[in-house]
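This report refers to the structure that appears directly beneath it.
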Number of protein chains: 2
Amino acid sequence: MTYSIADLEQLSGIHSHTIRIWEQRYNALSPLRSQGNTRFYDDQQLRKLLNIVSLNKSGLKISKICSLSDSEIDELLDQQFYYSSGDKDDDYYVGELIRYGLAFNEHAFNQLIDESIDQFGLADCYRKIIYPLLLRLGLMWRKDDICPAHEHFLSNIIRQKIFTHINYLSLHGHSGQKWLLFLPEDEDHDIGLLFASYMLRMQHHHVIFLGSKVPLDSIKRIFSTLNVDHVMLFMIKSRLAPAAQHYIDRLSEICSTAKIHLAGNSEVIGKLNHIDHINWIKTLDEFEKTIASPLNT
Amino acid sequence: MTYSIADLEQLSGIHSHTIRIWEQRYNALSPLRSQGNTRFYDDQQLRKLLNIVSLNKSGLKISKICSLSDSEIDELLDQQFYYSSGDKDDDYYVGELIRYGLAFNEHAFNQLIDESIDQFGLADCYRKIIYPLLLRLGLMWRKDDICPAHEHFLSNIIRQKIFTHINYLSLHGHSGQKWLLFLPEDEDHDIGLLFASYMLRMQHHHVIFLGSKVPLDSIKRIFSTLNVDHVMLFMIKSRLAPAAQHYIDRLSEICSTAKIHLAGNSEVIGKLNHIDHINWIKTLDEFEKTIASPLNT
DNA sequence: TGTTTTGTTTAAATATATCTAATAAAAACT
DNA sequence: AGTTTTTATTAGATATATTTAAACAAAACA
């Protein structure tokens, strides 16, 4: 799998011009070249760019970042994420689960996660274990400690768990409000959305779950027939500000009769304009409060 | 969402040259044009192309197809798929489920599908109802009778059901052989693969399920550590023959120590060369026979 | 405020993709 | 076998994306 500089622009939210000048000035990336001298990039390079962007957003200067060795960058990335969750037991669970995942040991993974779901309930298990696990997986991918196969293996087991618990809840009637859940066309990671679906159902809300990669045009076609009170979506990927803005503007127009709830990449969401009418969900706690006491649309 | 002619080539398996000449000679498609006169296409046009290709593969001449009206094409498409399954009850189930899906009525859908799973078991329910339902959904999308939101809604409930039943099975120990299941990077539809995972687990096989969009590079990196006996994947999308061949050749090289099982689009698979070592699974029955009596690798 | 660092804009050149049109080759039909 | 239909190949022209390089603007910093 290789990427053009335009692909990198989309995936990182950094203009191609800037990517080039970082290369020229700081040797940030070392792209491969086609016969005709056009740059192209592999996963290794994509990861490096995402790491640079991430450290840059956390305050480091580009020149500084690019002067560091790979191992120094690794350390800084660790510092960004590996603050202890405060609870040693939780950290232990996460570590063990990842160990099992890397060994593709489904049986052991299942036992441990089932045990912790039994103990804490799915909601707290997600907060304490699954969510930190997913964060760490993302970081490990960026550090090249795991490959996509590991991530797919683990996320499908987690998907299985949440789906199973949602299935138990389908006995619940819904007395609450009507929520429409989906991800934009170019987003893949639906586990957070799936968990939101679970939480809403726990509170007896009525959920229409569409999952990932739903074209906005399709939402437009069906929206008026749905009579939903709330729309919830995640924007997780890095994006160029104008693209994100355009998407949210269109969404707002299409879903003007519902309250929109937006979660995800705060770097992207933070740069949006005209979102006073949108509920930006920054933490899981905020989300729980939102759904506990029904909002007025 | 719009597509370039190169996108259409990938999605339909028809060379861009041919797409252009079909337009010139038969007015097959009516692309939009950029300022600079470059063609681009919308979902409507993509569907039309896929319909034309499908009818063409079933034996009709291009010139004939393009002389037909939209409604005549619809009829022919129906004939291609709507042969009765032989059982009126099953057809009724499928129809009702789709009705509920179009209304986003999860409760009714759940009741009916749970009832039929209780009655037939998941395996027979898949064969009689879920699989025909998915086929019909695909056809309805191509006829523009449903939009992606409907398809996402329905397929996520079905995913929920299969995941739940797989979760029950995780108590099973595995005494059988070790299977690795995944889809190529550009494939989305994982329900068939998920069902295969269920069937294998029912037979006490050991399954490593990776799901959709796994890069082959990643398979390469982990394959040697896995010691799997079997690799199973689907190729569902239309592809250009050389691209499909290249993928299978690489896969064969990477997974040379395992038996490869391939299912999906017979138009694509049928054109492959050098696949004597690959088990082409053409029907569900064939698959069941394959996994009932362990193969020698 | 002045300096450094960083990101954006411009320009002209080149690479890549697409366009039209004509011809050749292959496949299907009679 | 000959005709029709369809697909593949070629060529030159144009559109779009990428390249380098320089100048400019904005932001960060001291």
Side-chain angles (χ1 to χ4, degrees), chain A residues 2-42 45-46 49 52-68 238-243 267 270-271, chain B residues 2-41 45-46 49 52-68 238-243 245 267 270-271:
Chain A
T2 61
Y3 309 91
S4 71
I5 198 164
D7 292 334
L8 250 64
E9 186 175 77
Q10 289 305 313
L11 293 167
S12 68
I14 303 297
H15 284 119
S16 55
H17 289 123
T18 309
I19 295 171
R20 279 194 214 94
I21 206 104
W22 284 358
E23 178 191 332
Q24 192 187 68
R25 292 214 268 248
Y26 319 110
N27 272 299
L29 299 182
S30 318
L32 303 160
R33 299 278 185 158
S34 76
Q35 269 201 319
N37 201 36
T38 300
R39 275 169 256 250
F40 65 98
Y41 303 85
D42 59 14
Q45 295 286 308
L46 168 59
L49 177 59
I52 290 170
V53 172
S54 163
L55 291 177
N56 182 235
K57 295 238 160 106
S58 79
L60 287 173
K61 292 200 293 187
I62 294 294
S63 53
K64 172 72 180 173
I65 299 167
C66 297
S67 73
L68 299 172
S238 296
R239 290 154 197 277
L240 293 173
E267 290 298 333
K271 280 187 196 140
Chain B
T2 60
Y3 309 92
S4 70
I5 199 164
D7 293 333
L8 251 64
E9 185 176 78
Q10 289 306 313
L11 293 167
S12 68
I14 304 297
H15 282 119
S16 55
H17 292 125
T18 309
I19 294 172
R20 277 195 215 96
I21 207 114
W22 285 358
E23 177 192 331
Q24 192 188 71
R25 289 213 273 253
Y26 320 110
N27 272 299
L29 299 183
S30 318
L32 302 160
R33 298 278 184 156
S34 75
Q35 269 201 320
N37 200 34
T38 299
R39 277 169 254 249
F40 66 97
Y41 303 84
Q45 295 286 308
L46 168 59
L49 177 59
I52 290 170
V53 172
S54 164
L55 291 177
N56 181 235
K57 296 238 161 105
S58 80
L60 286 174
K61 291 200 294 189
I62 295 294
S63 52
K64 172 74 181 170
I65 297 167
C66 296
S67 72
L68 299 172
S238 295
R239 291 155 197 276
L240 292 173
Q245 185 71 54
E267 289 298 333
K271 281 186 196 141

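For the numbers below, each heavy atom of this structure counts, side chains included, while hydrogens, waters and symmetry mates do not.
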Rounding to an integer number of Å, can you tell me how far B/Ile21 CD1 sits from C/dA25 C1'?
13 Å

Closest-nucleotide 5' rank along DNA chain D - winner of A/Lys61 and B/Asn56:
B/Asn56

If only side-chain N and O atoms of A/Tyr26 are considered, is one of them under 4.0 Å from the OP1 or OP2 phosphate oxygen of C/dT6?
yes

For nucleotides 13-18 of chain C, 5' to 3', base contacts (B), sugar-phosphate-only contacts (S) and non-contacts (-) with protein non-hydrogen atoms under 4.0 Å give --SS-S

Side-chain donor-acceptor pairs of residues 60-67 of chain B under 3.5 Å, sequence neighbours excluded:
from    : atom 1 : to      : atom 2 : distance (Å)
B/Ser67 : OG     : B/Lys64 : O      : 2.6

Return the CD to CD1 distance between A/Gln45 and A/Ile19, rounded to the nearest 0.5 Å.
11.0 Å

Smallest heavy-atom separation, B/Val53 atom then B/Ser12 atom, equals CG1-O, 4.3 Å

A/Ile65 CD1 to C/dG7 P, straight-line distance once rounded to whole Å:
9 Å

Residue set satisfying side chain to side chain donor-acceptor pair (under 3.5 Å) with A/Glu23, at least two apart, ordered chain then number -> A/Arg39

Test of understanding: with side chain to side chain donor-acceptor pair (under 3.5 Å), list the residues that count as partners of B/Gln24, not counting sequence neighbours.
none

Students often get this wrong, so: under 4.0 angstrom with heavy atoms, is A/Phe40 touching a base, only sugar-phosphate, or nothing?
nothing

Report the distance from atom CD of A/Glu23 to atom P of C/dG7, rounded to the nearest whole Å.
15 Å

Whole angstroms only, please: what is the CG-P distance between B/Leu60 and C/dC29?
11 Å

Rounded to whole Å, please give me the gap between NZ in A/Lys57 and P in D/dA28.
14 Å

When you measure from the side-chain N and O atoms of A/His15 to the phosphate of C/dG7, is any distance below 4.0 Å, counting only OP1 and OP2?
no

Sequence-distant partners of B/Thr18, side chain to side chain contact (heavy atoms under 4.5 Å, CB included), two or more places apart:
B/Ile14, B/His15, B/Trp22

Expressed in angstrom and rounded to an integer, what is the separation of A/Tyr41 atom OH from D/dT18 atom C1'?
10 Å

With the side chain of B/Arg33 defined as its heavy atoms from C-beta on, choose the nearest nucleotide among D/dT9, C/dG7, C/dC19.
C/dC19

Pair up each side-chain donor or acceptor in residues 2-11 of chain B with any protein partner under 3.5 Å, not counting sequence neighbours, and list the distances.
from   : atom 1 : to      : atom 2 : distance (Å)
B/Tyr3 : OH     : B/Asp43 : OD1    : 2.8
B/Ser4 : OG     : B/Ala6  : N      : 3.3
B/Ser4 : OG     : B/Asp7  : N      : 3.1
B/Ser4 : OG     : B/Asp7  : OD2    : 3.3
B/Asp7 : OD2    : B/Ser4  : N      : 3.0
B/Glu9 : OE2    : B/Ser16 : N      : 2.7
B/Glu9 : OE2    : B/Ser16 : OG     : 3.3

Please determine if a side-chain N or O atom of A/Thr18 lies less than 4.0 Å away from the OP1 or OP2 oxygen of C/dT8.
yes

Here the distance between atom P of D/dA21 and atom NE2 of A/His17, to the nearest Å, is 14 Å

Whole angstrom is fine here: how far is it from CG in B/Leu240 over to C1' in D/dA8?
13 Å

